[in-house]
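See structure below.
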Amino acid sequence: MGNKFICMTKKDIRESGKNGIGSRSKRMERSKRRSLLEEELLHRQALSMAIQQHQLSQRFEGSMSRRIGSTSSRRRNDLPDQLANSKQPPEFLENIKTKKFVLVHGEGFGAWCWYKTIALLEETGLVPTALDLTGSGIHLTDTNNVTTLVDYSKPLIDYLEKLPEDEKVILVGHSAGGACVSYALEHFPTKIAKAVFLSATMISDGQRPFDVFAEELGSAELFTPESKFLIYGNGKDKPATCIMFEKEQMQGLYFNQSPTKDVALAMVSMRPIPLGPMMDKLSLTPEKYGTSRRFYIQTLDDHALSPDVQEKLVRVNPPEGVFKIKGSDHAPFFSKPQSLHKILVEIAQIP
């Protein structure tokens, strides 16, 4: 091909120059088509993954620092190398009294978001269960009909009610799922060994989940009647029932550090966020919620719930221990699954 170019006449070169713009345009068009095809393939792969996780949900149903007793942090070494192995020695599991984890997703998510965490916990010899809250994941309820925190938490409530009297679980609540965990701590204190709030709304008595996010997201813009994110499931003349962010906002808020394929999975799996449960005030008592063992995991590159807001939550409502994950966005099960796994195992080992 090089020889052919050398033998071209001046006239040929002039004609080639005339066609240059067209050629570049065609190349750009081909590049654009290729990008669209690649994006479509990525979404298909993510959808396939989501379907797999939904099928598995049938089974689901049936550098860090830690602070203990204070708000000052101190550096810790990584957990033993044995956590990196898929098979754990029996001695390791003997140190863990409660092996059952119940994973509660945040607003818009579903049980599908925990697929990496489930795999890692199972490889460690622990027993994770992921639940779809009402109107989330593959739960059949229309999200517009989920009006209270009790409605939203029903799958978790049902699970705990059916739990044998002699069994306890470790609850892990992400984001607004933290409010469901708080509700469970108040109503089922004897069935919960420990509760883990993962970049979550660890609210105090009389607070709403919305109160935590309002400070971060700027409620004036997002929740005015003209907001393009609001959904009016009962008609424009009635209060908004849900909120659903567009792809760009969702990526910026939740997935600024997450792998591309996991973001694509989220884009085809996220559902609208019911507003009713976010507006419910929670009643928490010192006798029940106040005696629970709570732990908080902070995500230090979080755009939906900033480190400052998370710090305020643990300062106002101090848990037993606080952990931090560097470089994690609001979806640490995607951006830092190994770090999250190590922290959960460490919490399980705390006497």
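A heavy-atom distance below 4.5 Å is found between the side chains of M267 and Q251. T129 is not listed as a side-chain neighbour of L103, based on a closest heavy-atom distance of 4.5 Å or more. Y289 has its side chain within reach of N317: a pair of non-hydrogen atoms, C-beta onward, lies under 4.5 Å apart. Residues L340 and I297 are in side-chain contact: their nearest non-hydrogen atoms beyond the backbone lie under 4.5 Å apart. Inter-residue side-chain proximity for V172 and L344 is flagged as met; some heavy-atom pair is nearer than 4.5 Å. Annotation: side chain of L253 is not in contact with side chain of M250 (no heavy-atom distance under 4.5 Å). Side-chain atoms of Y254 and H303, non-hydrogen and from C-beta on, never get closer than 4.5 Å to each other.
Transitive grouping of hydrophobic side chains (ILVMFWY, heavy atoms separated by less than 4.5 Å) brings L131 and V150 into a common cluster. Under a hydrophobic-cluster definition in which Ile, Leu, Val, Met, Phe, Trp and Tyr are linked whenever side-chain heavy atoms come within less than 4.5 Å, directly or via other members, L93 and V345 are assigned to the same cluster. Under a hydrophobic clustering in which Ile, Leu, Val, Met, Phe, Trp and Tyr are joined whenever their side-chain heavy atoms come within less than 4.5 Å, directly or via other members, L300 and V314 fall into different clusters.
Here the straight-line distance linking atom CG of L171 with atom CG of L156 works out to 6.0 Å at 0.5 Å rounding. Separating the CZ atom in F255 from the CZ atom in F334 is a distance of 6.0 Å, to the nearest 0.5 Å. Between the OH atom in Y159 and the OG atom in S153 there is a gap of 15.5 Å [rounded to 0.5 Å]. Considering CZ of F245 and CD1 of I243, their distance stands at 4.0 Å, rounded to 0.5 Å. For the atom pair CG of L313 and CD of Q298, the computed distance is 9.0 Å after rounding to the nearest 0.5 Å. Separation of atoms CZ (F295) and CD1 (I343) is listed at 12.0 Å; rounding is to 0.5 Å.
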Walk me through it: do V146 and T141 pass the test side chain to side chain contact (heavy atoms under 4.5 Å, CB included)?
CA-CA 8 Å; V146 184; T141 300; 4.1 Å; yes
Test side chain to side chain contact (heavy atoms under 4.5 Å, CB included) on S175 and L305 and set out the steps.
CA-CA 8 Å; S175 198; L305 207 62; 5.8 Å; no
One pair to check against side chain to side chain contact (heavy atoms under 4.5 Å, CB included): Q338 and L120. What are the steps and the verdict?
CA-CA 8 Å; Q338 294 284 354; L120 290 169; 3.7 Å; yes
Give the C-alpha distance, both sets of side-chain angles, the deciding distance and a yes or no for side chain to side chain donor-acceptor pair (under 3.5 Å) between T124 and H341.
CA-CA 9 Å; T124 309; H341 168 244; 2.5 Å; yes
Does the side chain to side chain contact (heavy atoms under 4.5 Å, CB included) test come out yes or no for L121 and V127, once each step is laid out?
CA-CA 7 Å; L121 288 173; V127 185; over 6 Å; no
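Shown here for K194 and I347, the closest heavy-atom pair between the two residues is NZ-O, 2.7 Å. The two atoms that bring I118 and A130 nearest to each other are CD1-CB, 3.8 Å, heavy atoms only. The shortest non-hydrogen separation linking Q349 to I96 is CG-CG1, 3.7 Å. In terms of heavy atoms, T134 sits closest to P155 at OG1-CD, 3.2 Å. Counting all heavy atoms, side chain and backbone alike, A348 lies closest to F101 at CB-CZ, 3.8 Å. Scanning all heavy atoms of the two residues, the minimum distance from L126 to P128 falls at O-CD, 3.3 Å.
Scored by the side-chain contact (heavy atoms from CB on, under 4.5 Å) test, T299 finds S199, D302, Q310, S328, P332 as partners (sequence neighbours excluded). Evaluation of the side chain to side chain donor-acceptor pair (under 3.5 Å) rule for S292 yields no partner, not counting sequence neighbours. Remark: E246 engages K228 in a salt bridge (Lys or Arg N to Asp or Glu O under 4.0 Å) (not counting sequence neighbours). Residues satisfying the salt bridge (Lys or Arg N to Asp or Glu O under 4.0 Å) criterion with R208, sequence neighbours excluded, are D211. Legend: residues meeting side-chain contact (heavy atoms from CB on, under 4.5 Å) with N234, ordered by chain and number and at least two apart, are K238, T241. The side-chain contact (heavy atoms from CB on, under 4.5 Å) check on P272 picks up T143, I231, C242, M244, with sequence neighbours excluded.
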Got a list of side-chain donor-acceptor pairs under 3.5 Å for residues 274-284, not counting sequence neighbours?
residue, atom, partner, partner atom, Å
D280, OD2, L149, N, 2.8

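Every pair passing ring pair (Phe, Tyr, Trp, His ring centres under 6.0 Å) that includes a residue from residues 164-199 is listed here, sequence neighbours excluded: F109-H174, H174-H330, H174-F333, Y183-H187. Annotation: salt bridge (charged side-chain N to carboxylate O under 4.0 Å, His left out) contacts involving residues 105-117, sequence neighbours excluded, comprise K116-D262. Contacts classified as salt bridge (charged side-chain N to carboxylate O under 4.0 Å, His left out) and involving residues 287-298 (residues at least two apart or in different chains) are given here: R293-E320. The stretch residues 163-192 participates, sequence neighbours left out, in these salt bridge (charged side-chain N to carboxylate O under 4.0 Å, His left out) pairs: K100-E167. The salt bridge (charged side-chain N to carboxylate O under 4.0 Å, His left out) analysis of residues 146-155, with sequence neighbours excluded, yields the pairs K154-D158.
Between the side chain of D301 and the backbone N or O of G327 there is no donor-acceptor pair closer than 3.5 Å.
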